[in-house]
**Student:** 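This is the structure I have questions about; it appears just below.
Excluded from the calculations below are hydrogen atoms, water molecules and symmetry mates; all remaining heavy atoms, backbone and side chain alike, are included.
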Amino acid sequence: ENQVEHSPHFLGPQQGDVASMSCTYSVSRFNNLQWYRQNTGMGPKHLLSMYSAGYEKQKGRLNATLLKNGSSLYITAVQPEDSATYFCGGADGLTFGKGTHLIIQP
Amino acid sequence: DGGITQSPKYLFRKEGQNVTLSCEQNLNHDAMYWYRQDPGQGLRLIYYSQIVNDFQKGDIAEGYSVSREKKESFPLTVTSAQKNPTAFYLCASARTLGELFFGEGSRLTVL
């Protein structure tokens, strides 16, 4: 059974800090990985696509690395508007983790 | 503007009633998905379709039904057989193995 786990479950950095989170997965067939962000009561929005182990991607204040069995996501200089739930999933759309709940302390 | 639209945003249902949630996309995507999300939980796959007139069950398909008669549309019916239907429902579409585009969700409450 495919599983996606996130760490940590909750994260509360101070404004201006770096937020660091990760997901690990066991999938029977891996076809790239996607990171999403979801605000409460709204639909998720795509952040980044990751294609192969060792792949790194930067988009604005977001930095992500794809590992052999997971991915790390870093958000630099976090702002209150970054507060949301961040989760990853395979590109097949079948399995997602519960995500990391990020709340920025003022 | 291209996008994916879910309706209604809020829906109330009495026990024993079937309800249908609408999902329409104009992105020309082949794949469409329905997920259920409960408070504090991740997305759980109900049904998905990779091509018109074909769909597959996800992890929690019991008590739900779908159709895919048109590429643009993938309605979800929550039947009276679904024992705990109160939840937030999300529809998504994608090119094959591409990023998912989500709707803004439909919140169903059973009275």
**Student:** Got a donor-acceptor contact below 3.5 angstrom from the E104(B) side chain to the G43(A) backbone?
**Tutor:** yes
**Student:** In terms of heavy-atom contacts, does NZ of K98(A) have more than 12 from other residues, nucleotides or ligands at under 6.0 Å?
**Tutor:** no
**Student:** Please check if the number of heavy atoms outside Q15(A) that lie under 6.0 Å from its CD is greater than 12.
**Tutor:** yes
**Student:** Say whether, by atom type as modelled, one donor and one acceptor occur between the side chain of Y48(B) and the main chain of D92(A) under 3.5 angstrom.
**Tutor:** no
**Student:** If you count every heavy atom of other residues, nucleotides or ligands that lies below 6.0 Å from R61(A) atom CZ, does the total exceed 12?
**Tutor:** yes
**Student:** Between F96(A) and L100(B), what is the shortest heavy-atom contact and its length?
**Tutor:** CZ-CD1, 3.3 Å
**Student:** Around atom OH of Y55(A), are there more than 12 heavy atoms from other residues, nucleotides or ligands closer than 6.0 Å?
**Tutor:** yes
**Student:** Quick one: does Y35(B)'s side chain have a donor or acceptor within less than 3.5 Å of a partner on G93(A)'s backbone?
**Tutor:** yes
**Student:** If I compare all heavy atoms of D59(B) with all of L94(A), which pair ends up nearest, and what's the gap?
**Tutor:** OD2-O, 4.3 Å
**Student:** So what's closer than 4.5 Å to chain A heavy atoms on Q37(B): side chain, backbone, both or neither?
**Tutor:** side chain
**Student:** With a cut-off of 6.0 Å (strictly less than), are more than 12 heavy atoms of other residues, nucleotides or ligands near NZ of K57(B)?
**Tutor:** no
**Student:** Around atom CD of E69(B), are there more than 12 heavy atoms of other residues, nucleotides or ligands at under 6.0 Å?
**Tutor:** no
**Student:** Out of G99(A), S49(A), P44(A), return the one with the most heavy atom pairs under 4.5 angstrom to chain B.
**Tutor:** P44(A)
**Student:** Restricting to non-hydrogen atoms, name the atom on F88(B) and the atom on Q38(A) that form the minimum distance, rounded to 0.1 Å.
**Tutor:** CE2-NE2, 4.1 Å
**Student:** Side chain, backbone, both or neither: which part of L90(B) has an atom under 4.5 Å from a heavy atom of chain A?
**Tutor:** side chain
**Student:** When hydrophobic residues are tied together by side-chain contacts of less than 4.5 Å, even through go-betweens, does Y47(B) share a cluster with Y33(B)?
**Tutor:** no
**Student:** If I measure from the heavy atoms of chain A, does R107(B) come under 4.5 Å with its side chain, its backbone, both, or neither?
**Tutor:** side chain
